[in-house]
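This report concerns only the one structure given below.
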Amino acid sequence: MNRLGRKASETLIEMAPSADGEESNGPLCETLSTAGSEVPSSSEQSGRRFNLFLKRRLRIDKRHQSKDSIFFRDGVRRIDFVLSYVDDLNKEWEKKLERRKEFESNLQKAGLELETEDKKESEDGKIYFVKIHAPWEVLITYAEVLNIKVPIKENDIPSMVENPLDCMLTPFRLPEKVMHPEPDYFTAPFSKEKQELYLINDESTFFSPSMRNRIVNYILTRCPYGTEEGKKKFGIKRLLNNGTYSAAYPLHDCQYWKKASDPNCDNERYTLYMEWARFLRFYKEQPLDLIRKYYGEKIGIYFAWLGFYTEMLFLAAVVGVICFLYGLFTMDENMSSKEICDPAIGGEIIMCPLCDRECEYWRLNTTCESSEYSHLFDNVATLFFAIFMGIWVTLFLEFWKRRQARLKYEWDLVDFEEEQQQLQLRPEYEAKCTQKKKNPVTQEMEPYLPLTSQAVRFCISGTTVLFWVSLIIASMIAVIVYRLAVYAAFASLMENAQTLQPISGLLTPQLATSVTASCLNFVIIMILNFIYERIAIWITDMEIPRTHMEYENRLTMKMFLFQFVNYYSSCFYVAFFKGKFVGYPGAYTYMFNRWRNEECDPAGCLIELTTQLTIVMAGKQIWGNIQEAIVPWICNWWGRRKARNNPENLYSRWEQDHDLQTFGALGLFYEYLEMVIQFGFITLFVASFPLAPLLALMNNILEIRVDSWKLTTQYRRPVAAKAHSIGVWQEILNGMAILSVVTNAFIVAFTSDMIPRLVYYYAYSESDNSPMSGYINNSLSVFLISDFPERNKPKTNTENFVICRYRDYRYPPDHEKKYLHTMQFWHILAAKLAFIIIMEHVVFIVKFFVAWMIPDVPADVKAKIKREKYLTQKILHEYELEKLKERLGQGDKRATEKEFIATEGRMELSRAM
C-alpha cells in the first residue's frame with residue numbers, strides 16, 4: 001500500500017518578504033494594498049473608512065472559504081498548530097526576524113507545511129499568524145517515534161453484562177454517541193513498514209486532531225533556530241519567552257455555542273459544551289472518552305479522577321449529615337450544656353478572668369448558647385464518623401486504582417512507557433547543560449549536569465523553601481499574637497457595649513476573636529500563596545530537572561509542602577496547641593513573656609476548630625471559583641470587546657483562539673493541588689466538622705462544571721499529552737490518608753471532651769439515675785482569689801468574690817497538694833493515650849485488610865488485557881508470516897525456510913502462552 005506518493009510542490013508554502021521588510025503572503029496582499037490605494041476620498045478620515053470598508057469587502061469576496069475554518073486556504077490541509085507574533089520595530093526587531101526565518105525554515109525542513117496570514121488580514125492589523133500543517137509523511141514518522149498506538153482490528157470482546165439497576169440511572173446518562181464517540185479497537189504501536197496492517201480508511205482523519213497537535217508540538221519543542229553566544233538554541237518555549245513569538249497553540253475545532261458551517265468539522269467542542277460544560281448538566285455523567293479524544297489522556301484522567309472523587313464524596317456527605325443531625329436532635333439531652341445553662345448551676349459558677357487586669361470575673365452560663373452548639377460536633381457520632389472516614393479514604397483510594405486500571409485498558413495506556421513522553425529530556429535541560437557524557441544504556445553522548453552544580457542548586461533551593469516555610473510559621477505566630485492581644489479588647493467591648501447585649505450569649509469574646517483571627521489568617525494564606533507560586537516555579541527552573549516527570553514531581557512536592565503548612569498550620573494550632581499550655585490562675589504561661597496563652601471555652605476547643613476549618617475551607621473554595629471562572633471571563637471579554645463589532649467572517653478561527661486565555665503547562669497542576677488541599681480538609685480534621693464532606697461535594701459538583709466550562713470556552717485548546725495515572729498525587733493522597741487517622745484520633749482524644757466525659761461516666765459519676773450530672777462542676781477546679789499575683793488580678797471585684805473556677809483537674813487551695821494535678825487528670829491522660837493507640841491500630845488494621853481484599857485491577861480487565869495482547873500478537877505474527885510467504889513466492893533469497901519455520905513456531909508459542 002503506497003501512502004507516501006505526494007508531490008513535492010504540495011509540501012511547502014513560499015513566504016517572500018515584502019518591500020518594506022515585512023513578511024507577506026504575496027499576490028493577495030499586493031492586491032489588497034493596490035485596491036486600498038486607489039480609493040478616492042474627500043477627506044483623510046472618510047478616505048480611511050472607505051479604504052477599510054473596501055479592503056474588508058475584497059477580503060470577503062476574495063475568499064469563499066469561511067475564516068472560521070480550521071483548514072488552509074485550499075480547504076484541504078488541516079491547521080494543526082498556530083504561531084503568532086507582532087512585528088514591532090524595536091532594537092530587537094532584526095534579531096527576532098532572523099530567529100523566525102531560521103526557525104520556520106527548519107520547520108519546513110522537518111516536513112511541516114506553513115501558511116502565513118499577513119498582519120493586514122488580522123482584526124487589529126498588528127498580528128501575523130503562521131499556520132502549521134503536518135502532512136502524512138511527518139505524522140507517520142513521528143507516530144513511530146512517539147510510539148502512538150493505532151487501530152488494527154475492531155474489538156470483538158463482549159461488553160460487560162448489563163446491570164438490571166442501570167435503568168434507574170437513565171436520567172443521569174448521556175447519549176451513546178457522546179459517551180463513546182469512536183468504536184473500540186485492538187491497537188498496536190504504529191510502524192511505517194507495516195501500514196497495510198492498520199485500519200487506514202482516510203489519511204486526513206486517521207490521526208485525531210489531538211494526536212496531530214501532540215506530534216507538531218514535539219517538533220516545535222525541538223526545532224533549532226540558530227546559535228547565540230556560542231550555544232545552539234532551539235524550542236518554541238524559548239522563542240515565546242524572548243518575545244520572538246507571542247503565542248503557540250492548536251485550534252479549537254469550532255465555536256462552542258454553535259456548530260461549524262464546514263461539513264468536515266467534527267464539532268466536538270460544541271458537543272462538549274452542550275453536554276458537559278454547562279452547569280445545568282451537573283447531574284449528568286461526564287463524557288470521558290470524548291474529553292480524552294479532544295484534550296488528550298492527561299486532561300481526561302484528571303476529570304475522571306475528579307468525577308470519581310465527587311461520587312465517593314456523596315457517601316461521606318450522607319454519613320456526615322446523619323452524624324450532624326444526631327447532634328442536632330440530641331442537643332436537648334446534653335447534660336453538660338443543661339448544667340451550663342441552668343441558672344442554679346452555671347449561673348452560680350464564677351469563672352476566673354480570661355485575661356490579665358482588664359477582664360472581669362464572669363458567670364459560666366454566659367456561654368450557654370456556644371456550649372449547646374458545640375454539642376452539634378462534639379458527641380458520640382464524632383467518634384463513629386472519624387473511624388468511618390478512616391475506612392472511607394481507603395475505599396476511595398483502592399476503588400480509584402481499579403477505575404484507573406479500567407481507564408488504562410480502555411484508553412490504550414496499558415503498555416504506555418513514561419519515557420516516550422515524560423522521561424524524555426527537557427529542551428531546557430539540553431540547552432543549559434553544555435557538558436556531555438555517555439549514557440550507559442544507549443551508549444550515546446547526552447548532556448548532564450555536574451554533581452557540584454546540582455549540589456549548589458539544591459542547597460539554594462532547600463534554603464529558599466525552608467525560608468518560606470519559616471515565614472508561614474512566623475505569620476501563624478503573628479496571628480496567635482493577634483488573638484492574644486485583641487481578646488481583652490473584645491471582652492471589654494462586649495461587656496460595655498449595650499448594642500451587643502442581645503447577642504452576647506452567642507457572640508462570646510472567644511468566638512469573636514476566633515472568627516476575626518480566622519479571616520485574617522485566610523487573607524495571609526492567600527497573599528503568601530500568590531507570592532510563593534512564582535518562587536516555587538523559579539527555584540524549580542533553577543534546579544534544571546532532567547525530565548518532564550522530574551520537573552513536575554519537584555514542583556509538586558515544593559508547592560504541596562508549602563500549601564500544607566500554609567493552609568493547615570492554623571487548624572493544627574487550634575486542634576493540638578490552643579488551651580493545652582495555659583497554666584492555672586496565678587501561674588499562667590506567657591508567649592514571649594508578654595501575652596498570656598489562650599484558654600478554650602468551658603465546652604471545649606472543638607467549636608473553634610470547626611469555625612477555623614469552615615472559614616478557611618469555604619473561603620478557599622469561593623475564592624478558587626472566582627479565580628477560575630470570573631477572572632478568565634473578564635480577561636476574554638476585555639480582549640474581544642472590539643472584535644465583537646466586526647462581521648463574523650472577518651474574525652478568523654485562529655484570531656478567536658488567540659484572544660482566549662492560555663491554559664499553560666501547569667494548568668492541571670493547580671487543579672490537582674486545589675483538590676488535594678480540599679482532600680486534606682475533609683480527612684485530616686473531619687472529626688471536628690462532619691459537614692466538611694458535604695461542603696466539598698457541593699463545591700466539586702460546581703468545580704467539574706467550572707473547570708469544563710473554562711477549558712471549553714475561555715481557554716485555548718491545550719496541547720494533548722499522555723498520562724496513565726494521576727502521578728505523584730497518588731502518593732500524596734496515600735500519605736494524607738495515613739496521617740488523617742493519627743490527626744483524627746488526637747482530635748477526638750485531646751480537642752473534644754469525649755474522653756473526659758467517658759472517664760467521668762465510668763469512674764467518677766456519683767448518680768446512678770443521671771450518670772453525667774455533676775460533670776461540669778467536676779471538670780472545673782477552684783482557685784482562691786486572694787492567691788492572685790498583682791500581675792493577674794482584675795482591677796475590679798465589685799461583688800467581692802472569694803473563689804473562681806477554671807478548666808483543669810487540680811487540687812483546691814485548702815488541699816495539701818494545692819493546685820497540683822489530681823489523680824483524675826492522670827486517669828484522663830492515660831485514657832486519651834490508650835484511646836489513640838487503640839483507634840489507630842483498629843483503623844489501620846481495617847484499612848490494610850480492605851486494601852488487601854480489593855485487587856488493584858478488576859478481574860475482567862485483566863482478562864481483556866491478556867486477550868488483547870494475545871490477539872494483537874497473533875495479528876502481527878500472521879502479518880509477518882504473509883510477508884514471508886510473499887518473499888518466498890518471489891524467490892527472495894533472504895527469506896529462508898528456517899526463518900519461515902521460526903515465525904510459525906513463534907506463533908505457536910504465543911498461542912500456548
Side-chain angles (χ1 to χ4, degrees), residues 12-34 36-37 48 51-52 55 59 79 81-110 112-133 216-217 219-249 427-428 431-432 541 635 638-639 642-643 650-652 654-662 664 716:
L12 298 177
I13 302 295
E14 297 295 334
M15 296 178 291
S18 60
D20 59 355
E22 297 173 346
E23 291 182 11
S24 169
N25 281 326
L28 176 65
C29 297
E30 291 173 12
T31 303
L32 296 176
S33 301
T34 306
S37 64
R48 279 201 303 269
N51 188 359
L52 181 61
K55 186 169 75 170
R59 284 165 60 188
I79 302 172
F81 229 89
V82 174
L83 308 178
S84 67
Y85 62 91
V86 178
D87 211 358
D88 49 347
L89 299 176
N90 55 23
K91 60 181 181 180
E92 294 282 324
W93 173 73
E94 291 186 0
K95 187 179 288 185
K96 290 179 181 178
L97 178 62
E98 196 63 35
R99 289 173 187 155
R100 281 195 294 269
K101 285 184 177 179
E102 181 71 18
F103 186 68
E104 290 171 16
S105 173
N106 288 331
L107 288 179
Q108 290 176 330
K109 290 176 182 177
L112 297 178
E113 299 174 2
L114 311 181
E115 185 177 81
T116 303
E117 291 287 332
D118 193 87
K119 66 180 181 181
K120 297 172 185 177
E121 298 293 312
S122 66
E123 186 275 327
D124 61 1
K126 297 179 181 178
I127 304 175
Y128 290 87
F129 292 94
V130 181
K131 299 175 287 185
I132 302 175
H133 168 76
V216 174
N217 183 67
I219 298 171
L220 290 174
T221 55
R222 281 154 181 78
C223 183
Y225 60 84
T227 303
E228 296 177 10
E229 301 175 357
K231 294 182 180 180
K232 190 176 181 181
K233 303 290 184 179
F234 57 90
I236 187 63
K237 184 176 180 180
R238 189 178 289 271
L239 290 173
L240 290 170
N241 290 339
N242 61 32
T244 304
Y245 290 99
S246 58
Y249 53 93
E428 295 83 356
K432 292 179 181 179
D541 288 338
C635 293
W638 183 257
K642 293 182 180 178
L650 295 182
Y651 193 32
S652 64
W654 43 92
E655 289 178 277
Q656 293 173 39
D657 284 11
H658 180 269
D659 289 340
L660 297 176
Q661 300 298 298
T662 304
R716 296 172 188 161

Nearest-0.5 Å distance that lies between atom CG in Asn217 and atom CZ in Arg222: 8.5 Å

Test side-chain contact (heavy atoms from CB on, under 4.5 Å) applied to Ser652 and His658, step by step: CA-CA 10 Å; Ser652 64; His658 180 269; over 6 Å; no

Qualifying residue, where the test is side-chain contact (heavy atoms from CB on, under 4.5 Å) with Ile236 and the options are Phe81, Tyr225, Tyr245: Tyr245

Out of curiosity, His133 NE2 to Leu112 CG, how far, rounded to the nearest 0.5 Å? 9.0 Å

Show the nearest heavy-atom pair for residues Ile219 and Ala110, with the distance to one decimal. CG2-CB, 4.2 Å

For the backbone of Trp654 and the side chain of Tyr249, can you confirm whether one donor and one acceptor N or O come within less than 3.5 Å of each other? yes

Please find the pair of heavy atoms, one from Arg716 and one from Leu660, that lie closest to each other, and give the distance. NE-O, 3.5 Å

Determine, step by step, whether Lys96 and Tyr85 satisfy the side-chain contact (heavy atoms from CB on, under 4.5 Å) criterion, reporting the C-alpha distance in whole Å, the side-chain angles of both residues, the deciding distance to 0.1 Å, and the verdict. CA-CA 10 Å; Lys96 290 179 181 178; Tyr85 62 91; over 6 Å; no

Main-chain N/O of Gly226 paired to Arg99 side chain as donor or acceptor, under 3.5 Å: no

How about Ser122 and Glu655: do any of their side-chain heavy atoms sit closer than 4.5 Å? yes

Can you measure from SG (Cys635) to CG (Asp659) and round to the nearest 0.5 angstrom? 12.0 Å

Check the pair Asp118, Tyr128 against side-chain contact (heavy atoms from CB on, under 4.5 Å), reporting the backbone distance first and the verdict last. CA-CA 5 Å; Asp118 193 87; Tyr128 290 87; 3.6 Å; yes

Could you check Leu83 against Leu239 for side-chain contact (heavy atoms from CB on, under 4.5 Å), going step by step and ending with a plain yes or no? CA-CA 11 Å; Leu83 308 178; Leu239 290 173; over 6 Å; no

Below 4.5 Å, heavy atoms only, C-beta onward: do Leu107 and Val130 meet side chain to side chain? no

How long is the span from the CD atom in Glu98 to the OG1 atom in Thr244, to the nearest 0.5 Å? 11.5 Å

Closest non-hydrogen contact found for Pro224 with Asn106 is O-ND2, 2.7 Å

